[in-house]
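The chains referred to below are lettered A, B, ... by the order of the sequence lines, with proteins before strands, and numbering in each begins at 1.
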2 protein chains.
Amino acid sequence: MRASDKAYAALRDDIIEWRLLPGTVLAEVEQSERLGISRTPLREALSRLTAEGLTTAGGRGVVVTDISLDDIDELFELRETLEGKAAALAAERGDPETFERLRRELLHAPELIGGQEPALHDYYELVGRLDAAIDAAISNAYLVQAMRSLRVHLVRVRRLAADDAARLTAAAAEHAAIAEAIAAGNPRLAEAATTLHLHRSLSHVKATHTPH
Amino acid sequence: MRASDKAYAALRDDIIEWRLLPGTVLAEVEQSERLGISRTPLREALSRLTAEGLTTAGGRGVVVTDISLDDIDELFELRETLEGKAAALAAERGDPETFERLRRELLHAPELIGGQEPALHDYYELVGRLDAAIDAAISNAYLVQAMRSLRVHLVRVRRLAADDAARLTAAAAEHAAIAEAIAAGNPRLAEAATTLHLHRSLSHVKATHTPH
DNA sequence: CACAAGCGTTATGTATACAAAAAGTGGATT
DNA sequence: AATCCACTTTTTGTATACATAACGCTTGTG
């Protein structure tokens, strides 16, 4: 693994997990010493982070980007647009059997949610598989790329909300509905199910938001 | 101006203007010598280009990304989604007078198109002002950013099509319709006008596409 | 003759030294 | 006392030397 990759992954994780708070200045020497690498690969890592929008290069040095409540609204506005379209396209172009299988798995998800840590991990992995299946089905590299760059910020926001069992169970049902609509080949239904899910998800985040 | 900025601008221009064709390998020493800088700022420029999707870092060295006809379809699929939403949001949130003024200017655009080079430049600047006004009106940094990253690829595709006077005149009318819908505060109409414009634009590109 | 393995060449990845610019600090002047 | 200017210090930007890995070529063997 390259040093720049390592630095990128470490910094990205620190930002997403809120160990590096918004407004923190990432001085090059300081960070390169902390991560045990030289400034050159660190700078490349900072470039990538800035390109993703996790940091900004304005003024002196790079600074960890702020995410406020207003940003969350903007984030979900774009997310609804992109993922709604993605779900619709998946319904048009996807393989029904793939999503039918995912739907059945998602219906059994509540069993995983009740369980301990490892089972919970399985649940997140399952949701990830649904996202991946949608990405694969739409066969539009640009749309996939746009969603991917969004997800980075979303993971960051998610950390602000408490994912209780009740919300996860409801989310699983919503995901199952999306999978079902895609399997049925119904674009408008798939888009509607996605819109519904995202609105509920946003409401949950805002309701359980803990100010930093 | 920093050397890395200079290198970025130069390479970006070379790619967009098709002086560096898809598949071209951008060797670090070769390019740094050509641009008269050292490898360090060049690498940063290549990083930025790769983040934008103009180049890919796969295998050995960075390679100029290919844009095929299939890519154009994908590109416009995403563009329709994003710009449609943007137009709708602008209709909801924008200042009517701003877009009313733009609409009136666009109606006079055919006079510019008939003229010589400088007048044509004024036309492109006018369309740019409409885009900028929409960006400002939607007040959604994430959506603006997503559209901005798309526009880079679009400029590249545009260069494949011959922008004759007839098409530009029609495009001006389509833009005027978008501005009118936004000024009227009608989101659905604004989205529809955008969809229409983009479809016609795509048809024109594909019809006049000159294989490289 | 084909294929694989080892070596050499050439590319990228990393570290460090140097240059330049910007920000903070101290002192002097009004 | 406040402000402005110059200086110091710190931080980023650039160049270059070195390390490492990948690609291709040659050579030997099946």
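Panel note: side chain B:His153, backbone B:Glu52; a donor-acceptor pair is recorded below 3.5 Å. With A:Asp14 contributing its side chain and A:Leu11 its backbone, the two residues share no donor-acceptor pair below 3.5 Å.
Whole-Å rounding puts the B:Leu26 CG to C:dA11 P distance at 13 Å. If you take CD of B:Glu28 and P of D:dA19, they are 18 Å apart, rounded to a whole angstrom. Rounded to a whole Å, the CD atom of B:Glu33 is 16 Å from the C1' atom of D:dT14. In this entry the distance linking CG of B:Leu46 with P of D:dT14 reads 14 Å, nearest Å.
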Checklist outcome for this item: Under a 4.0 Å heavy-atom criterion, the protein footprint on nucleotides 14-22 of chain C, written with B, S and -, is BBBB-----
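For B:Arg148, there are no side chain to side chain donor-acceptor pair (under 3.5 Å) partners, not counting sequence neighbours.
Looking at A:Glu191 and A:Lys85, no side-chain N of the basic residue comes within less than 4.0 Å of a carboxylate O on the acidic one, giving no salt bridge. Looking at B:Asp122 and B:Arg129, no side-chain N of the basic residue comes within less than 4.0 Å of a carboxylate O on the acidic one, giving no salt bridge.
Counting only heavy atoms from C-beta outward, the side chains of A:Ile72 and A:Leu202 approach each other to under 4.5 Å.
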